[in-house]
Structure formats: structure tokens, C-alpha cells
Amino acid sequence: DDGNGALFDGPVPAWTRQPPCAPVLANGPQVEHIWRRLLDRAGGAPQVETTRDANLHLVADGKPIDAALVDGPLHLFRLDRCPRVLRIASRSATPALLGLNADQRRLGVALSGIVLRSAGAVLELGPEAAALSDGFHAPEPAWRWTDGDADVPGALLGALRGPLIIELHVACWLPYVADNPVTMAA
């Protein structure tokens, strides 16, 4: 308390036309410019070895599953049966810590779609799918980022029977710290 509380008890005529402070900005060109200037003043981005290999895989009932096919953005996985617990795992990185941009989120891969196929059932999930929450960031216009350890909800899996084919459509990925291990969810 610095004794100016009375200034906030009611409108002050000079403030009715212009706010008493600058607007709060969370992103955009001004934030990016300021962030770059601060990064430069701090000595630039840290010099670490990076890789473009996201190490994208599934963890089905605690067991890691590698893609049976990778064709550009498509990562296709085959499972003999539908698991009780299914996670999408990958390396992750924080863009701001790598000097890429001001984004402070821990990001895995950005998915433009997830397709689950089993006998007689096909579930297609776009970035806006409300069921994608644990381990997923808010949807963006064309994709949804994971945080490197994302849950495929059990309610979706309960509708599937028998062998399962899972398609992950990757929209983009990051450079990741090369020696950053991937945490496997159980």
C-alpha cells in the first residue's frame, strides 16, 4: 500500500479517456520484438545440441510402441488389441528456452488429427476435439500441441474392439534438446 488507494475508488476524469497504464500484451509483434531484444541482451539463445527427431511414439498400457510406418506427417501405429491406457509420447521443448520465440509452453508435437480405427469403428479427432485435454494445449486453428506426454481418453478407447490402427497426423515439430530423455508414462 503506497497511499494512493483513493485514486482507484472512483473514475478520475483524466482517466476516462485513456487508461492509466499500457495494455497487457501476451503475444504479437510487439511482444516478439521485446522478447528478442531481451534475449540479445542476455547473450542470445543457449548453445545446446538439438535434434529434429521428436521420438514420437505411443505408450500402450505402459509399453512403448514405435510407428509401423512414417510417411511425411503421417505416423501409423498398429496394436494387436485396444489398450486400457494410451498415451502419445515425444520429446518436448520450451521454445523460449531455445531462443526460438517467446512461447513459454512445454511443447511436444503439433497434431492436425488423430484417427483411431478398429473393427467396424473409426474415430477421427481434429485439433478442436474437446476430449483431448490431459497433455494437450488449447487448440490452434490448424493443430493442437501436445506437451510430450498426452492422454488418449479411455472413454474413446472403450468404444473400440480388437486390433487397432492409430494415425497421428503431425503438423509441425520443434528442434529438441538432443540428450533430453523422453519420459514414459506408465
Side-chain angles (χ1 to χ4, degrees), residues 24-36 38-39 45-46 48-60 62-77 79 83 85-117 122-157 164-186:
V24 175
L25 300 174
N27 54 37
Q30 287 178 299
V31 172
E32 188 68 25
H33 174 73
I34 292 167
W35 182 84
R36 288 270 172 219
L38 289 171
L39 181 66
V48 295
E49 184 181 346
T50 60
T51 179
R52 288 288 192 172
D53 176 13
N55 191 18
L56 179 59
H57 60 280
L58 299 178
V59 179
K63 179 183 172 193
I65 309 291
D66 290 325
L69 170 72
V70 176
D71 185 11
L74 172 67
H75 288 66
L76 188 134
F77 300 84
L79 284 72
V85 177
L86 183 64
R87 300 195 72 79
I88 301 168
S90 70
R91 285 188 168 97
S92 62
T94 303
L97 296 178
L98 291 175
L100 300 174
N101 59 43
D103 194 337
Q104 297 286 329
R105 298 175 298 169
R106 184 172 64 107
L107 302 177
V109 294
L111 299 175
S112 60
I114 300 171
V115 180
L116 307 170
R117 298 177 192 278
V122 177
L123 295 174
E124 296 185 29
L125 304 167
E128 72 292 340
L132 304 177
S133 58
D134 180 27
F136 288 91
H137 292 284
E140 297 179 34
W143 56 69
R144 189 174 199 143
W145 284 98
T146 71
D147 66 6
D149 183 23
D151 181 54
V152 176
L156 297 176
L157 298 173
L164 183 62
I165 295 175
I166 300 163
E167 297 176 15
L168 299 180
H169 297 269
V170 180
C172 57
W173 54 88
L174 298 168
Y176 306 94
V177 176
D179 64 354
N180 183 15
V182 177
T183 304
M184 305 282 261

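Using a 4.5 Å heavy-atom threshold, the side chains of Leu98 and Leu174 count as separate. With contacts defined as side-chain heavy-atom distances shorter than 4.5 Å, the pair Leu132/Pro139 does not qualify. Between Leu56 and Val70, the closest side-chain pair of non-hydrogen atoms is not below 4.5 Å. Within the 4.5 Å cutoff, no side-chain heavy atoms of Leu168 are placed close to those of Val109. Side-chain contact between Asp134 and Arg87: present, with at least one pair of heavy atoms (C-beta onward) separated by less than 4.5 Å. Between Val177 and Leu97, every side-chain heavy-atom pair lies at or beyond the 4.5 Å cut-off. Considering only heavy atoms from C-beta on, Leu79 comes within 4.5 Å of Leu58 through its side chain.
Minimum interatomic distance between Gln104 and Ala96 (heavy atoms only, all atoms of both residues): NE2-CB, 3.3 Å. Between Ala93 and Pro175, the closest heavy-atom pair is CB-O, 3.8 Å. The minimum heavy-atom distance linking Arg106 with Ser92 is given by the pair NH1-OG, 3.3 Å. Residues Asp103 and Pro95 come closest through the heavy atom pair O-CD, 3.6 Å. Scanning all heavy atoms of the two residues, the minimum distance from Asp151 to Leu86 falls at OD1-O, 3.5 Å. Considering all non-hydrogen atoms of both residues, Phe136 and Leu111 come closest at CE2-CD1, 4.3 Å.
The CG atom of Leu74 sits 5.5 Å away from atom CD of Glu167, with the distance rounded to the nearest 0.5 Å. To the nearest 0.5 Å, atom CG of residue Leu123 and atom CZ of residue Arg117 are 10.5 Å apart. Put simply, OG on Ser90 and CH2 on Trp173 are 12.0 Å apart, with the number rounded to the nearest 0.5 Å. Considering CD of Glu124 and CG of Leu116, their distance stands at 9.5 Å, rounded to 0.5 Å.
Residues Asp147 and Arg105 are not paired through a salt bridge, judged by the lack of any N-O separation under 4.0 Å between the basic side chain and the carboxylate.
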### Task
Tell me, with the steps shown, if Val152 and Ile166 meet side-chain contact (heavy atoms from CB on, under 4.5 Å).
CA-CA 11 Å; Val152 176; Ile166 300 163; over 6 Å; no
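Between His75 and Phe77, the ring planes are parallel. Angles under 30° get that label, and only those over 60° would be called perpendicular.
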